[in-house]
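Read the structure below first, then the notes.
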Amino acid sequence: MSQFSVQSRCECQAILSATLDEKRHVVAGTASRGRAREVAPAHSIGASGERFDIGWACPFCGRNTLRTFHVGALRPIRVAS
């Protein structure tokens, strides 16, 4: 099972991260700011397309953050088996 990682910054400067499965659906979302790390609910929109969106709910500022990603820019991550 392949997994991928994406990151972006929220307007509050928290780093939003999401782990995606091979169909580009979100498996987990997190946000970190300074030394703090929190769960950040996330979901993918239009995951079957070449360009798709990921939406996060930032736990630090409460904003709903939407970012667009391209399939070719996904970074594979190793999955422990």
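This structure is a prediction, so every number in the text was calculated from the model and none was measured.
- R75 is not listed as a side-chain neighbour of V6, based on a closest heavy-atom distance of 4.5 Å or more.
- Between A47 and F52 the shortest heavy-atom distance is CA-CB, 3.9 Å.
- In the hydrophobic clustering of this structure, V71 groups with F4; members are Ile, Leu, Val, Met, Phe, Trp, Tyr whose side-chain heavy atoms approach within less than 4.5 Å, directly or through other members.
- For CZ of R51, the number of neighbouring non-hydrogen atoms (other residues, nucleotides, ligands) closer than 6.0 Å is 12 at most.
- For R67, the salt bridge (Lys or Arg N to Asp or Glu O under 4.0 Å) criterion is met by E11, not counting sequence neighbours.
- Across all non-hydrogen atoms, the minimal contact from V26 to S44 is CG2-N, 3.7 Å.
- Taken from CZ in R9 to SG in C58, the straight-line distance is 11.5 Å, to the nearest 0.5 Å.
- In this structure E50 satisfies the side-chain hydrogen bond (donor to acceptor under 3.5 Å, both in side chains) test together with H70, sequence neighbours excluded.
- Not counting sequence neighbours, the partners of S17 by the side-chain hydrogen bond (donor to acceptor under 3.5 Å, both in side chains) test are Q7.
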Please walk me through it: do R37 and T30 pass side-chain contact (heavy atoms from CB on, under 4.5 Å)? CA-CA 7 Å; R37 184 177 176 99; T30 60; 3.4 Å; yes
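- Other residues sharing a hydrophobic cluster with L66 under the 4.5 Å side-chain heavy-atom criterion for ILVMFWY residues are I45.
- Across all non-hydrogen atoms, the minimal contact from F69 to S8 is CZ-CB, 4.4 Å.
- Contacts of D21 classified as side-chain hydrogen bond (donor to acceptor under 3.5 Å, both in side chains), with partners at least two apart in sequence or in another chain: none.
- Cluster note: F60 groups with no other residue, as no ILVMFWY side-chain heavy atom lies under 4.5 Å from it.
- A side chain to side chain contact (heavy atoms under 4.5 Å, CB included) with Q3 is found for exactly one of V27, L20, L74, namely V27.
- C10 approaches T65 most closely through the heavy-atom pair SG-OG1, 3.6 Å.
- Atom OG in S32 sits 11.5 Å away from atom CD in Q13 (nearest 0.5 Å).
- Scanning all heavy atoms of the two residues, the minimum distance from A31 to P59 falls at CB-CD, 3.6 Å.
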